[in-house]
Amino acid sequence: KPRVLSGIQPTADSFHLGNYLGAVRNWVSLQETHECFYFIPDMHAITVAYDPKVLKQRTFIATAQLLALGVNLDESIIFPQSAVPEHAMLAWILNCQTGFGEASRMTQFKDKSSKQERTSVGLFTYPILQAADILLYQANAVPVGEDQRQHLELTRDLAIRMNNTYKRVFTVPEPHILKETATIKDLGDPERKMSKSNSTKNGLIELRDEPARIRKKIRSAVTDTGSEVTYDPENKPGVSNLLVIYSALADKSLQQLEADYAGKGYGDLKKDLGEVVADFCEPIAKSTQEYLSDQAELQRVLDSGAQRAREVASTTLARVYDRVGFFPPV
Ligand code: AQP
């Protein structure tokens, strides 16, 4: 089976709708056809200011949420990045293969560093650690949202460069980005992506939000001038974003939704979508809570995931160490 790798950061107490529709939904569907490695990048999470007291807890929450959303441990593994030291070891080698100018072109760094009081070197080299995450597992496909496309390009460039210099050591991975849900927009400002760290007041829907709060946020979503419910991302970014969310969660095409809402207004769309999203989130939140109530079991899930991950990661790293001219770890 081809292999998939992806990660989601433990930087909040819940995933948001963008994380789910852009990435995790695909993690679940790819399980049928791929061998899947899913991990919680806690090492990436410390590239910005964070609270060490909640980091582990958030890793448990992320694990519980992945299980609640349908990551199936018969097909997939879940592990914390920090439990597999090969990530940092390969990242060092890739750091030495990356041009400073090349790394400086990453737009996410420019975005995020402009919002930090203090910018760490770790935030700058973040995409290189991400390349190590992917290449260690010889992943064929990486399901992510559109915001990760540039980082995936860097990963591919590094894999090709390493393969040319050291003979074939890495599989060159392909991004797996679904067009329609590639970027879910902030409900209060459809010009920007829905984001944990940079959202408008009611613009972010977390999967663990209370149903009443979800309905309220959707009711207050910014819509556009005009009154017809049509999918037109350029001229109607607000309504189009709502339609994309609706279409993905209710499994109805955009055309079908346009037909359903012909002659109705934005208010009707928001009211119905509020129900759809709340109905989707409520059982997931409940199931997440159940998984969280047994932390020992979550720890076992992460331990066994990390063990399997290390088998693969250490095999790749041993080959790379040898080709690079390093001594093997004792
Ligand atoms: N708005 C989005 N639409 C579609 N996909 C998205 N992703 C994030 N936001 C959207 C995808 O979610 C996955 C996990 O992302 P991450 O762990 O890197 O989280 P993140 O980038 O920290 O999430 P945010 O909310 O974007 O946080 P900020 O902006 O605070 O850093 C990735 O596959 C990502 O593409």
Side-chain angles (χ1 to χ4, degrees), residues 4-30 36-50 55 58-59 61-63 65-66 69 71 78 80-81 106-116 119-120 122-123 126-127 129-131 133-134 139 141-155 173-200 203-209 221 233 237-238 240-242 244-245 247-249:
V4 155
L5 176 121
S6 198
I8 183 154
Q9 295 191 73
T11 42
D13 288 333
S14 175
F15 302 156
H16 59 72
L17 215 45
N19 296 140
Y20 174 66
L21 294 177
V24 177
R25 197 168 56 116
N26 302 329
W27 296 17
V28 174
S29 60
L30 284 165
C36 297
F37 286 60
Y38 297 133
F39 74 107
I40 316 296
D42 48 358
M43 291 162 66
H44 279 98
I46 71 166
T47 56
V48 292
Y50 81 106
L55 185 60
R58 287 181 164 177
T59 298
I61 294 174
T63 308
Q65 261 186 326
L66 289 176
L69 286 166
V71 171
I78 306 175
Q81 185 184 28
M106 298 295 119
T107 55
Q108 191 181 75
F109 172 75
K110 290 180 199 169
D111 256 23
K112 289 202 172 177
S113 58
S114 67
K115 293 180 193 111
Q116 300 292 313
T119 300
S120 73
L123 186 64
Y126 178 121
L129 177 58
Q130 187 175 340
D133 301 335
I134 297 165
V142 186
V144 284
E146 180 64 33
D147 57 334
Q148 294 299 324
R149 188 184 290 280
Q150 193 188 29
H151 291 171
L152 256 290
E153 267 312 308
L154 176 69
T155 301
E174 296 286 341
H176 179 92
I177 301 172
L178 291 193
K179 201 163 144 254
E180 252 150 26
T181 49
T183 309
I184 301 299
K185 304 292 191 334
D186 186 288
L187 298 182
D189 178 1
E191 297 301 319
R192 55 166 126 155
K193 71 163 193 160
M194 189 177 281
S195 146
K196 285 175 235 173
S197 62
N198 186 29
S199 68
T200 61
L204 173 79
I205 294 196
E206 295 198 323
L207 303 187
R208 296 174 80 200
D209 278 344
S240 300
N241 189 41
L242 298 181
V244 164
I245 295 171
S247 162
L249 290 183

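Order of appearance sets the numbers: ligands from 1, and atoms from 1 within every ligand.
- Each of the following atoms of ligand 1 lies closer than 4.0 Å to a heavy atom of Thr183: 3 (N), 4 (C).
- Using a 4.5 Å heavy-atom threshold, the side chains of Arg58 and Gln9 count as separate.
- In terms of protein heavy-atom proximity, atom 3 (N) of ligand 1 is closest to Ile184 N, 2.8 Å.
- In this structure, the protein non-hydrogen atom closest to atom 18 (O) of ligand 1 is Gln9 NE2, 3.5 Å.
- Residue-level proximity to ligand 1 for His16 is carried by the side chain, the only part with a heavy atom below 4.0 angstrom.
- Numbered from 1 in the order shown, with element, the atoms of ligand 1 that lie under 4.0 Å from a heavy atom of Gly22 read 4 (C), 5 (N).
- The aromatic rings of Tyr126 and His151 are tilted relative to each other, their planes meeting at an angle between 30° and 60°.
- No N or O atom of Thr181 sits closer than 3.5 Å to an N or O atom of ligand 1.
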Chi angles and distances behind the side chain to side chain contact (heavy atoms under 4.5 Å, CB included) call for Val24, Tyr38: CA-CA 10 Å; Val24 177; Tyr38 297 133; over 6 Å; no

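- At least one N/O-N/O distance between Met194 and ligand 1 falls below 3.5 Å.
- Atoms of ligand 1 lying under 4.0 Å from any heavy atom of Gly145, numbered from 1 in the order shown and given with element: 5 (N), 33 (O), 34 (C), 35 (O).
- Remark: the backbone N or O of Lys185 is paired with a side-chain donor or acceptor of Asn241 at under 3.5 angstrom.
- No hydrogens or angles considered: a donor-acceptor pair under 3.5 Å links the side chains of Gln150 and Thr107.
- Remark: distances from the non-hydrogen atoms of Ile8 to ligand 1 include one below 4.0 Å.
- Of the protein's non-hydrogen atoms, the one nearest atom 23 (O) of ligand 1 is Lys196 CE, 3.5 Å.
- Residue-to-ligand polar distances place Lys193 within reach of ligand 1: an N/O pair is separated by less than 3.5 Å.
- At least one side-chain heavy atom of Arg192 sits under 4.5 Å from a side-chain heavy atom of Thr200.
- Listed by number with element, the atoms of ligand 1 under 4.0 Å from a non-hydrogen atom of Ala182 are 3 (N), 4 (C), 5 (N).
- Among the atoms of Thr11, none of the N or O lies under 3.5 angstrom from an N or O of ligand 1.
- Ion pairing of Asp186 with Lys193 is absent here, as no side-chain N (NZ or NE/NH1/NH2) approaches a carboxylate O to less than 4.0 Å.
- Residue nearest to atom 29 (O) of ligand 1, selected from Pro41, Ala12, Ser195: Ser195 (by heavy-atom distance).
- If you look at Lys112 next to ligand 1, the close heavy atoms, those under 4.0 Å, all belong to the side chain.
- For His176, the ring-ring contact (aromatic ring centres under 6.0 Å, His included) test picks out no residue, with sequence neighbours left out.
- If you check which protein heavy atom lies closest to atom 5 (N) of ligand 1, you get Gly18 O, 3.2 Å.
- Counting heavy atoms under 4.0 Å from ligand 1, residue Ala23 touches it through the side chain alone.
- Within the 4.5 Å cutoff, no side-chain heavy atoms of Gln148 are placed close to those of Val142.
- Between Leu152 and Ile177, every side-chain heavy-atom pair lies at or beyond the 4.5 Å cut-off.
- When the heavy-atom distances from atom 28 (P) of ligand 1 to Pro10, Ser197, Gly7, Ser199 are ranked, the shortest goes to Ser197.
- The shortest N or O to N or O distance between Asn19 and ligand 1 is under 3.5 Å.
- Under 4.0 Å from ligand 1, the heavy atoms of Asp147 that appear belong solely to its side chain.
- Among residues two or more places apart in sequence or in another chain, the salt bridge (charged side-chain N to carboxylate O under 4.0 Å, His left out) test is passed with Asp42 by none.
- Between Pro143 and ligand 1, no N or O atom pair is found at a separation short of 3.5 Å.
- Under the 4.5 Å side-chain criterion, counting only non-hydrogen atoms from C-beta, Ser14 is not in contact with Ile61.
- In plain terms, the two heavy atoms of Ala23 and Pro143 that are nearest each other are CB-O, 4.3 Å.
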